[in-house]
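Since this is a predicted model, take the numbers as computed values, not measurements. When a ligand or atom number is given, it counts from 1 through the structure's own listing order.
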Amino acid sequence: MSVNRAKLTPHTLRQRKGGQLIVAITAYDAIMAHYADAAGVDIILVGDSVGNTALGLESTVPVTLDMIVHHTAAVVRAGPSALVVADVPFAEAHFDFGDVLRSCQRIMQEAGADAVKIEGGESLAPTIKRLVSAGVPVWGHTGLMPQQVKQLGRYKKFGLTTKETAQLVADAKALEAAGCFALLLEMVKPAATKEVCAAVEIPTIGIGAGGACDGQILVITDALGLTPGYVPGFVEQFADAGAEVRKGLDGYCVAVRTRNFPEK
Ligand code: KIV
């Protein structure tokens, strides 16, 4: 099902700093991965947002490694040329190194992901460094880390104070030094985003972090107008797929109930 273009790698993406902007989107199954790849996105993220989108959970916290492996394998089966990255779910990255490595091994060997994404800052850098030296490409994720929502109490913006901005810069530098090939910045005040982007030589990919990044990522259901409930204010809706799906299903119901399908 793959479109005819060269497979993206962490190495080629890393070289995009300051160059062609990086387009990333989430996907959780083979069909959406197919469409995302055909559109030419650079990164397909099997995000733990699979929890609050496809699985109807209230946050990303209940998402397990088994769920990530299951959905990543489906995305990989689409054969995308885009880089397929999967989230290391809640708490996994904080276990002993052997356990973290085993989680990444399942994500890469069993599910077939090209790389993993890990939420965390400076304190996780030593673990990330060991993963990178074990051959696991890591996409760092800082700013708002939704896996921390129970501890934070709410989803909030970061980089609102000088202290917070300095911490973001320190986190970004530590993640770069640990070997991350890119950095995701979530819900960061645009002025702070600019400082982080200038502080590192790896590409930054933003969500709700303004326009200074080297690329952008959106949750696919938000971007396509498929989310039935709350959508964050920073999201731009690029299609109204929800309305099209509803139209098709309404038509199907009518056709069956009026014996117009199957054809007489
Ligand atoms: O899980 C996810 O969808 C994410 C978003 C920030 C893109 O990590």
Name all residues meeting the salt bridge (Lys or Arg N to Asp or Glu O under 4.0 Å) criterion together with K157; count only those two or more places apart in sequence or in a different chain, and write none if there are none. none

After noting the C-alpha distance and the side-chain angles of S103 and E92, does the key distance pass the side-chain hydrogen bond (donor to acceptor under 3.5 Å, both in side chains) rule? CA-CA 7 Å; S103 301; E92 297 282 342; 2.9 Å; yes

Output the set of protein residues with a heavy-atom contact under 4.0 Å to ligand 1, ordered first by chain identifier and then by residue number. T26, L45, G47, D48, S49, D87, K117, H141, E186, I207, I217, V219

Qualifying residues under side-chain contact (heavy atoms from CB on, under 4.5 Å), relative to A199, sequence neighbours excluded: V169, K173

From CA spacing to verdict: side-chain hydrogen bond (donor to acceptor under 3.5 Å, both in side chains), T258, N260: CA-CA 5 Å; T258 55; N260 280 306; 2.9 Å; yes

Could you pull out the closest heavy-atom pair between D42 and L21, with the gap in Å? OD2-O, 3.8 Å

Going by the rule salt bridge (Lys or Arg N to Asp or Glu O under 4.0 Å), which residues pair with E122 if we only count those two or more places apart in sequence or in a different chain? none

